[in-house]
Amino acid sequence: MSTPALTAGVDAPTWPAEFAARYRAAGYWRGETFGGVLRERAAAHPDRVALVDPAPTRRTWTYRELDERADELAAGFAARGIGRGDRVVVQLPNVGEFIEVVFALFRLGALPVYALPAHRETEIAYFCSFTGAVAYVVPDRHTGYDYRDLATRVSERVPGLREVFVAGEPGAHTALAEVPCPVPESGLPAGPEPHELAFLQLSGGTTGVPKLIPRTHDDYLYSLWGSNEICGVDADTRFLVVLPAAHNFPMSSPGWLGVLYAGGTVVMSPGPAPETAFPLVAAERITMTGLVPPLALVWTEAAQHAQHDLSALELVLVGGAKYSEAAARRLEPALGCRLMQVFGMAEGLVNYTRLDDDPETVLTTQGRPISPDDEIRIVDDTGLDVVDGEFGHLLTRGPYTIRGYWRAPGHNAQAFTDDGFYRTGDIVRRTATGHLVVEGRAKDQINRGGEKVAPEEVENVILAHPAVHDVCVVAVPDAYLGERSLAYVILRAGAPPLRPAAVKRFVRERGVAAYKVPDLVEFVDAFPRTGVGKVSKKGLRSTATADAPPTP
């Protein structure tokens, strides 16, 4: 027996009625649902290729085929008791089945709970238990890991989990391939309403277990078509999904959902590395993709020696974390395409540089909001607004920014103001043109004896060194100063060795304040990563805390 459909107001604070009316009147919320959008695109251009899964054998889905597959899977899920309002944890890599499954759930009004391939038993058991999930969808194996064993362990810990569906060989579970069935003559059960929840995403927070972000059809679909207008996405766009498809950035900025909304073609890449992705860019004539900054650096370096034709690539979006100016300046010459910076969050607000922005704006800012109704406040530590040009804490509310996390009233009281502004945790400044410049996360800021050091500023200086491939600056505890700075440096392949003193001297010679020169420099081969490929500063800080020597 499925639960009633869940609106944002039941499990999380929702938009007050006057705001919802304003957003509908402005045309942001069009009264669409994801399942309905796919049906409309299939009717409009049934034979256009919607989806390509190149590995291990190339498979394609036209819009008609994807629509029919979503119907048949939805019918199969419904026959197993999954329906409107039920939660289903989806942990699939970048395969065609991922998109089939989520559209089948959308059509029923069941809620995908997006998990990343990197999550393991602790996280998955929590997601299943906390959401009351009735089903869990996994691959058989991916990158050498057996998800069937993980599913067995999670099922033992979460009695309410009724079904495990496996894409591939099912082992002790149910094969996803056995689920689809013909749609009954009476049709599928009634689907969701536009104001109801569409799915649950994971927050990007680094403390504790991730919070769950409730997104409605209305608000998320606006972020898609708003992104499409800014990025020039249309039916000719061929988008390569190189980051995990369940992550907000490759899903919606404009992402695979945005491209399907526009009637374009989505190509799933089994991995992000140049040796995997570059052949697909050439073979599939990819026009657009999205990268996180560390991956953009790798692609920039690899493009100098690439043997594949990357000439179809028109636009690369870089987001998910602050992209340094020094790294940004390298991308367009290396890849031969345009750069667009993206700064946003799964909770809502997304900023883009624009295609008609001047080059310096693209290289030195992280864009401006999608919507005229994205309200931005930048405040000091006491909550007072700062003047444009000064750094402060970013607060926002708008037509696609949530008003609260899923079933988290205590956290919501801290994360949102009484009048509905979301406290993002980012330190930014606003330019005269309305573009935002991101200094970093508030918790990443280093308090060195009362002097505030923005890690990204120092990283940008060090990245200008010709021998440096990447750098990450973190705080380490210090008995005298409270905190001091440690720069982890990755050298370019074949670069001559550097000594820490040379890095410090390079920073000092660039004319920055003395307190911003790194106190410590350590050379490493790689940084720890989050599940979506961003640098894990939390991981670096824990290493630094354990290993850093005391101040002389």
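Side chains included, hydrogens not; waters and symmetry mates left out as well; all remaining heavy atoms used.
Within the 3.5 Å criterion, the main-chain N or O of Ala245 finds a donor-acceptor partner in the side chain of Trp256. When atom types are taken as modelled, the side chain of Tyr323 and the backbone of Ala327 share a donor-acceptor pair closer than 3.5 angstrom. Checked by atom type and distance alone, the side chain of Arg148 never pairs as donor or acceptor with a backbone atom of Arg141 at under 3.5 Å. Panel note: side chain Asn94, backbone Val241; a donor-acceptor pair is recorded below 3.5 Å. Within the 3.5 Å criterion, the main-chain N or O of Pro254 finds no donor-acceptor partner in the side chain of Asn228. In this structure a side-chain-to-backbone donor-acceptor pair under 3.5 Å is missing from Thr365 to Val437. In terms of modelled atom types and a separation under 3.5 Å, the side chain of Glu332 and the main chain of Leu339 share a donor-acceptor contact. Proximity of a side-chain donor or acceptor of Thr287 to a complementary backbone N or O of Thr237 within less than 3.5 Å is not detected. Distance alone, capped at 3.5 Å, is enough to place a donor-acceptor pair between the Arg338 side chain and the Leu355 backbone. The backbone N or O of Thr131 lies less than 3.5 Å from a partner atom in the side chain of Arg87, making a donor-acceptor pair.
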Inset, instruction - Just do the side-chain contact (heavy atoms from CB on, under 4.5 Å) check on Leu150 and Arg153 with the steps written out, would you? - result: CA-CA 5 Å; Leu150 170 63; Arg153 296 193 301 273; 3.9 Å; yes

Inset, instruction - Go through Ser253 and Leu317 one step at a time and tell me if the side-chain contact (heavy atoms from CB on, under 4.5 Å) criterion holds. - result: CA-CA 8 Å; Ser253 299; Leu317 300 105; 5.8 Å; no

Legend entry - Working for side-chain contact (heavy atoms from CB on, under 4.5 Å), residues His465 and Leu498: CA-CA 11 Å; His465 194 292; Leu498 281 180; 3.8 Å; yes

Inset, instruction - In sequence, state the C-alpha distance, the side-chain angles, and the governing distance for Val318 and Leu295, and then conclude on side-chain contact (heavy atoms from CB on, under 4.5 Å). - result: CA-CA 9 Å; Val318 179; Leu295 183 58; over 6 Å; no

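In terms of heavy atoms, Leu394 sits closest to Phe343 at CD2-CE2, 3.8 Å. The nearest pair of heavy atoms linking Leu280 to Ser269 is CD1-OG, 3.7 Å. Heavy atoms only, all atoms of each residue included: Phe103 and Phe34 are closest at CE2-O, 3.6 Å. The shortest heavy-atom contact between Ala115 and Leu202 is CA-CD1, 4.3 Å. Residues Ala346 and Arg215 come closest through the heavy atom pair O-NH1, 2.6 Å. Nearest approach of Leu197 to His217, heavy atoms of both residues: O-NE2, 3.8 Å.
His469 is listed as a side-chain neighbour of Leu297, based on a closest heavy-atom distance under 4.5 Å. Residues Phe165 and Glu97 are not in side-chain contact: their nearest non-hydrogen atoms beyond the backbone lie 4.5 Å or more apart. Contact annotation: the side chain of Ile99 approaches that of Leu260 to within less than 4.5 Å [non-hydrogen atoms, C-beta and beyond]. Considering only heavy atoms from C-beta on, Val233 stays 4.5 Å or farther from Ser227 through its side chain. Taking 4.5 Å as the limit, some side-chain heavy atom of Ile370 sits within range of a side-chain heavy atom of Tyr222. Within the 4.5 Å cutoff, side-chain heavy atoms of Arg41 are placed close to those of Tyr261. In this structure, the side chains of Val428 and Glu439 stay at 4.5 Å or more apart for every pair of heavy atoms. Taking the side chain as every heavy atom from C-beta outward, Leu176 and Leu73 approach each other to under 4.5 Å.
Rounding to the nearest 0.5 Å places OG1 of Thr396 at 8.0 Å from CG of Asn351. Rounded to the nearest 0.5 angstrom, Asp444 CG and Cys472 SG are separated by 8.0 Å. The CD atom of Glu522 sits 9.5 Å away from the CG atom of Leu540 when rounded to the nearest 0.5 Å. Note: Met340 CE to Asp357 CG = 8.0 Å, rounded to the nearest 0.5 Å. Rounding to the nearest 0.5 Å places CG of Leu463 at 7.5 Å from CD of Glu459. In this structure, CG on Asp53 lies 4.5 Å from CZ on Arg59, to the nearest 0.5 angstrom.
Using a cutoff of 4.0 Å between basic side-chain nitrogens and carboxylate oxygens, Glu325 and Arg329 are scored as salt-bridged. Under a 4.0 Å N-O distance rule, the pair Glu284/Arg58 qualifies as a salt bridge.
The side chain to side chain contact (heavy atoms under 4.5 Å, CB included) with Val438 is formed by just one residue from the set Gln366, Glu456, Arg429; it is Gln366.
Few gaps surround CD on Glu121; more than 12 heavy atoms of other groups in view lie less than 6.0 Å from it. Atom CG of Asp356 has more than 12 heavy atoms from other residues, nucleotides or ligands within 6.0 Å.
For the pair Arg510 and Phe506, the cation-pi test (distance below 6.0 Å, angle within 45°) is passed. Cation-pi geometry between Arg397 and Tyr422 is not met at under 6.0 angstrom from the ring centre and within 45 degrees of the axis.
Between Gln91 and Tyr136, the side chains place a donor N or O and an acceptor N or O closer than 3.5 Å (distance only, hydrogens not considered).
Using bins of under 30°, 30° to 60° and over 60° for the plane-to-plane angle, the ring pair Phe106/Phe199 lands in the tilted bin.
Residue pairs meeting the side-chain hydrogen bond (donor to acceptor under 3.5 Å, both in side chains) criterion with at least one member in residues 296-308, sequence neighbours excluded: Glu301-Arg492.
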